[in-house]
Amino acid sequence: MNIFEQQRQRDLKIEKAMKGVKHIIAVGSGKGGVGKSTVAVNLALSLAKKGYAVGLADSDIYGPSIPTLFNIKNEEVMGREIDGVSYIIPFEKFGIKLMSVGFFVDTTKALMWRGPMASNTLIQLLSETLWGELDFLILDMPPGTGDVPLTVFQSLPLDGIVVLTSPQELVSMIVGKAVNMAREMNIPILGLVENYSYIECGNCKEHISVFGKSHIDEISKKYGIPVLAKLPIDPAIAEAIDGGNVEDLQGKWLDGAADAICKQLVVESEKKSEHVKIAVTTTDEGNVHEHFGHCENFTIYELEGDNLLNREVI
């Protein structure tokens with residue numbers, strides 16, 4: 001099998017695996033350590049609380065976090081065969097379907113894989129998981145703009161990406177790389193989230209900028225991207241995350257972001273499902289006529305979204 005046939009088979013497998021997934025959203029940044037996993041988990045929980053069917057995929061092959069965040073230890077991964085094809089059944093916790101390479105490897109040991117092996121493993125993991133019917137699949141992306149993020153952008157039908165930053169100016173500069181990469185790959189940017197934005201004084205409730213002045217609004221204006229949320233430094237978040245007790249996250253930090261994302265994607269879905277008629281100039285043989293003024297026939301195509309409802313020659 002040549003490389004082009006391998007690519008075609010991979011694309012078909014991904015298409016089949018994602019058939020029941022309405023929207024795929026990546027959470028990423030240009031660097032590590034800014035809290036992508038924390039935001040991905042919070043976003044998944046916010047969407048699940050709103051009644052949506054949600055999946056969360058750990059796309060960080062080298063530093064998988066989902067098993068720790070959801071306190072899943074030494075669980076046996078189950079499989080199922082459908083029409084002769086083997087699938088992996090995702091874990092489900094708090095109403096969220098979960099998948100991570102951390103369910104298959106020892107997360108205490110360094111995973112010393114080159115880029116192509118890591119990329120292929122991730123695509124295999126995502127395409128062999130039995131996701132079923134989901135409203136949203138959230139991808140917790142690896143840091144940077146290397147092989148694995150590039151593979152995800154090229155292989156999956158992403159509806160958009162949430163770009164994460166923190167107040168430091170250096171991080172803000174790196175975010176620009178992630179924004180430019182997404183735009184070059186034609187991935188819609190749903191919005192920006194700033195983590196570690198401030199800490200709230202327990203007495204006077206004043207917001208204190210621990211890491212200096214925020215640059216998120218400047219970035220938003222520069223790139224024309226909305227700010228979805230500014231997350232505080234809150235010990236409750238750290239305790240819940242570090243202890244694997246994400247169910248204890250009672251804050252509404254990303255509820256507004258979830259609402260904004262839903263609104264964006266619902267509007268886009270409505271655009272795609274518009275009922276339209278398209279007139280195409282055609283010859284007597286049914287081919288496209290190259291001259292509008294000289295043609296004698298129009299073929300009228302009636303469509304709703306991607307579905308052809310009717311075809312009529314006038």
Side-chain angles (χ1 to χ4, degrees), residues 1-26 47 50-55 57 82-85 87 123 126-139 150-162 179-191 223-226 259-314:
M1 185 183 299
N2 61 41
I3 189 171
F4 299 106
E5 180 60 22
Q6 288 178 344
Q7 181 67 48
R8 191 182 75 84
Q9 291 294 335
R10 188 177 79 172
D11 290 345
L12 288 173
K13 200 170 184 180
I14 292 171
E15 182 180 350
K16 187 174 182 180
M18 301 296 166
K19 187 176 181 180
V21 181
K22 294 179 181 178
H23 302 293
I24 305 175
I25 300 172
L47 290 167
K50 294 178 184 299
Y52 292 107
V54 181
I82 300 176
D83 297 330
V85 179
Y87 289 95
I123 293 303
L126 293 175
S127 63
E128 292 184 2
T129 298
L130 193 63
W131 294 110
E133 299 292 327
L134 291 178
D135 294 305
F136 295 96
L137 176 60
I138 309 299
L139 303 179
L150 186 61
T151 299
V152 171
F153 283 5
Q154 290 177 326
S155 304
L156 296 178
L158 294 179
D159 289 274
I161 180 172
V162 174
V179 169
N180 290 328
M181 178 184 183
R183 286 182 169 171
E184 287 182 21
M185 302 294 294
N186 294 317
I187 306 298
I189 302 172
L190 300 174
Y223 294 104
I225 302 169
D259 288 335
I261 289 171
C262 291
K263 186 175 181 180
Q264 287 187 58
L265 296 181
V266 167
V267 168
E268 187 62 31
S269 296
E270 288 176 349
K271 287 181 181 177
K272 291 180 180 179
S273 63
E274 285 179 343
H275 191 142
V276 297
K277 290 185 178 181
I278 302 173
V280 180
T281 56
T282 49
T283 65
D284 290 335
E285 292 78 22
N287 299 317
V288 176
H289 198 290
E290 62 184 10
H291 200 295
F292 183 88
H294 292 174
C295 79
E296 297 184 358
N297 302 310
F298 285 92
T299 300
I300 310 297
Y301 295 93
E302 186 176 359
L303 302 102
E304 187 168 77
D306 296 328
N307 299 316
L308 177 64
L309 303 180
N310 189 40
R311 174 181 176 277
E312 180 184 8
V313 178
I314 299 176

Handout entry: Counterpart residues, side-chain hydrogen bond (donor to acceptor under 3.5 Å, both in side chains), relative to T129 (two or more places apart)
Key = none

Fill in the blank from the handout: side-chain hydrogen bond (donor to acceptor under 3.5 Å, both in side chains) filter on E285, not counting sequence neighbours, yields T283

Fill in the blank from the handout: Between P188 and L158 the two heavy atoms that sit nearest each other are CD-O, 4.5 Å

Problem - R183 atom CZ: more than 12 heavy-atom contacts under 6.0 Å - result: yes

Practice task
Could you list the residues that satisfy side-chain contact (heavy atoms from CB on, under 4.5 Å) with N310, not counting sequence neighbours?
Solution key: E302, E312

Practice task
Give, for atom CD1 of I24 and atom CG of L139, the distance between the pair rounded to the nearest 0.5 Å.
Solution key: 6.5 Å

Problem - side-chain hydrogen bond (donor to acceptor under 3.5 Å, both in side chains) involving D284 - partner list, sequence neighbours excluded - result: N297

Problem - pair L265-F136: side-chain heavy atoms closer than 4.5 Å - result: yes

Practice task
Determine whether L47 and C262 make a side-chain contact, defined as any pair of heavy atoms from C-beta on separated by less than 4.5 Å.
Solution key: yes

Problem - side-chain contact (heavy atoms from CB on, under 4.5 Å) between M181 and L150, intermediate numbers included - result: CA-CA 9 Å; M181 178 184 183; L150 186 61; 4.0 Å; yes

Handout entry: Between CD1 on residue I300 and CD1 on residue I314, distance to nearest 0.5 Å
Key = 4.5 Å

Fill in the blank from the handout: CD1 (I161) and CD1 (I189) are apart, to the nearest 0.5 Å, by 7.0 Å

Completion exercise
Here the gap from H291 atom NE2 to T281 atom OG1, rounded to the nearest 0.5 Å, amounts to 10.0 Å

Problem - Nearest heavy-atom neighbours spanning K22 and D159 - result: O-OD2, 3.7 Å

Fill in the blank from the handout: When every non-hydrogen atom of H289 is compared with those of C295, the smallest separation belongs to CG-CB, 3.6 Å

Problem - Contact summary for P226 and L190, nearest pair of heavy atoms - result: CG-O, 3.5 Å

Fill in the blank from the handout: Residues at least two apart in sequence or cross-chain that pass salt bridge (charged side-chain N to carboxylate O under 4.0 Å, His left out) with K277, listed by chain then number, are none

Exercise for the section: For W131 and A17, work out which heavy atoms get closest and say how close. Expected result: CD1-O, 4.1 Å

Problem - Minimum heavy-atom distance F298-A279, with the two atoms named - result: CD2-CB, 4.1 Å

Problem - Beyond-backbone contact of L137 with L156, side-chain heavy atoms, under 4.5 angstrom - result: no

Exercise for the section: Answer whether the closest heavy-atom distance between the side chains of L126 and M18 falls below 4.5 Å. Expected result: yes

Problem - Set of side-chain hydrogen bond (donor to acceptor under 3.5 Å, both in side chains) partners for K13, sequence neighbours left out - result: E128

